[in-house]
Novice: 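First, the structure itself, so that you have it in front of you.
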Amino acid sequence: MAPAPSPRLRPALLQWFDRHQRDLPWRRTSDPYAIWLSEIMLQQTQVSTVVPYWERFFERFPNVRALAAAPLDDVLGLWRGLGYYSRARLLHRAAQAVVSEHGGHFPPTAEELRALPGFGRYTAGAVASIAFEEEAPLVDGNVARVFSRWFAIEGPPGDKAREELLWRYAEACVKGERPGDWNQAVMELGATVCVKHAPLCLLCPVSAHCQARKEGREHALPPARRRAAPKEMRLYCAVTQKNGAVLLGRRENKGLFGGLWELPSTPVLPELSALLGTTKKPGASLGTVERVLTHRKLTLELYPLPAPKKLPRPSAPYAELKWQNVEALATLGISAAMQAALKVALPAHGKARR
DNA sequence: GATCCGTGGCG
DNA sequence: TCGCCAAGGAT
């Protein structure tokens, strides 16, 4: 078991949290649905990005039953631009499981929540502690950074022994009054004071308890992780129009951009015509759009193709091919990368919307 | 268990 | 410009 922190740490941090926490919409409620939605959106995503998405989503789907009853297409339409789209698909599946298996009510323990789609160790602990006041530990990027400084924990992010140690500290620390606020307070400190670069130790309410600061190593902990360079990926996209509509494909519900709509695309240019069920050849390139994803440097190259007389049956990676009205492009589930490509492909449309 | 999965902000 | 990063989970 990890050594217990100083008994003065908890009240000092909670008092700071009470005074300095940011006013966020999901902090004005104890509704587990609202809190869960925020936790999924916040995965690998900054608060300022999430707020408008959360508000739109919560207004459209105000409870778990409304979400469960919605078509996945509508869910992805509201998620568009937020990234990591499997989160939205799992969110939808979890909502349906809550309705079908739990009568529309979230189970109140981390252990039970963990069985739902999209609930990992972190999210289960977050919802259990914040919505249900269970003394459930959690470790996210903020907690890992804060703890690595408080307790001078060595090792790079991803190191297995380090991760386990962090969870043991989290378990030891969360026990006591207000476990949900405690977890949020540690994350809030990490997000606003104990930041990666240039931590604001002079503003920190618990700097006296920080081992890294005692040793003058707050800038050195935690060590940076190494990342592999993104791999290049080039996709050739078909720009095909007919009567004010654009031919789009909806990807299968897996992998990159799973479930989203896009210009039919293939990594092999000569296969583009077959994808649309035509023997006509693409015209001259209309241009390219580049986007850097976590593991890929994505290049989309746009080619005009004449409309086929009849749409073929969709083939992998597409589950559906459909003529979509240009107006629908504003709300369909479309990745940010493909939205940028569509602006190039349909400049008149892009200008009309501005 | 290593890899995959988006996006926008920032130094 | 560019690498790094942010309230992770699934496979």
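Every chain is numbered from 1 and lettered A, B, ... according to where its sequence line falls, protein lines coming before strand lines.
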Novice: Could you please name the option among B:dG6, C:dC5, B:dC5 that lies closest to any side-chain atom of A:R87?
Specialist: B:dG6
Novice: Side chain of A:D140: nearest nucleotide among B:dT7, C:dG8, B:dC4?
Specialist: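 Among B:dT7, C:dG8, B:dC4, the one nearest the side chain of A:D140 is C:dG8.
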Novice: Is there, by distance only and without an angle test, a donor paired with an acceptor across the side chain of A:Y122 and the base of C:dG8 below 3.5 Å?
Specialist: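 Not at all, since no donor on one side and acceptor on the other fall under 3.5 Å apart.
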Novice: Quick check for you: among C:dG8, B:dC5, C:dA6, whose closest atom lies nearest to any side-chain atom of A:R296?
Specialist: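 The listed nucleotide nearest to A:R296's side chain is B:dC5.
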Novice: Calculate the interatomic distance between A:W36 atom CH2 and C:dG9 atom P; express it in whole Å.
Specialist: 13 Å
Novice: What contact category does A:L82 fall into here, base, sugar-phosphate, or nothing, at under 4.0 angstrom with non-hydrogen atoms?
Specialist: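 A:L82: base contact, heavy atoms under 4.0 Å.
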Novice: Classify the side chain of A:S48 versus the base of B:dG9 as yes if they form a donor-acceptor pair under 3.5 Å and no if they do not.
Specialist: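 Result: no qualifying N/O pair found.
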Novice: How long is the line joining CG of A:L42 and P of C:dC5, in whole Å?
Specialist: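 From A:L42 CG to C:dC5 P: 19 Å.
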Novice: Taking only the side-chain heavy atoms of A:R114 (C-beta and beyond), determine which of B:dT7, C:dA10, C:dG8 contains the nearest atom.
Specialist: C:dA10
Novice: Please report the distance, rounded to the nearest Å, between NZ in A:K254 and P in C:dT11.
Specialist: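 To the nearest whole Å, that distance equals 11 Å.
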Novice: Once you apply a heavy-atom cut-off of 4.0 Å, does A:L256 come out as touching a base, just sugar-phosphate, or nothing?
Specialist: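 Contact class for A:L256: sugar-phosphate only.
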Novice: Output the rounded distance in Å from CD1 (A:I40) to P (C:dA10).
Specialist: 9 Å
Novice: Could you please name the option among C:dA10, B:dC4, B:dT7 that lies closest to any side-chain atom of A:A336?
Specialist: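 Among the listed nucleotides, the one closest to the side chain of A:A336 is B:dT7.
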Novice: Expressed as a whole number of angstroms, how long is the span from A:Q339:CD to B:dG6:C1'?
Specialist: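 Roughly 12 Å, once rounded to whole Å.
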Novice: Show the numbers, then the answer: is there a side-chain contact (heavy atoms from CB on, under 4.5 Å) between A:M338 and A:V289?
Specialist: CA-CA 9 Å; A:M338 189 57 62; A:V289 167; over 6 Å; no
Novice: What does A:H197 touch in the nucleic acid at a heavy-atom separation under 4.0 angstrom: a base, only the sugar-phosphate, or nothing?
Specialist: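 No contact.
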Novice: B:dC5 P sits how many Å from A:L298 CG, rounded?
Specialist: 11 Å
Novice: The side chain of A:Q44 lies closest to which of these nucleotides: C:dG8, B:dC5, B:dC4?
Specialist: C:dG8
Novice: So which one's nearest nucleotide on DNA chain B is more toward 5', A:L260 or A:K160?
Specialist: A:K160
Novice: A:F257 has a side chain; which of B:dT7, B:dC4, C:dC5 sits nearest to it?
Specialist: B:dT7
Novice: Whole angstroms only, please: what is the CG-C1' distance between A:L138 and C:dG9?
Specialist: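 So the CG-C1' distance, A:L138 to C:dG9, works out to 15 Å.
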Novice: Provide, to the nearest angstrom, the distance between the CE atom belonging to A:M187 and the C1' atom belonging to C:dG8.
Specialist: 12 Å
Novice: Report yes or no: is there a donor-acceptor pair, N or O only, under 3.5 Å between the side chain of A:T294 and the base of B:dG6?
Specialist: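 Counting by modelled atom types and ignoring angles, a donor-acceptor contact under 3.5 Å is found here.
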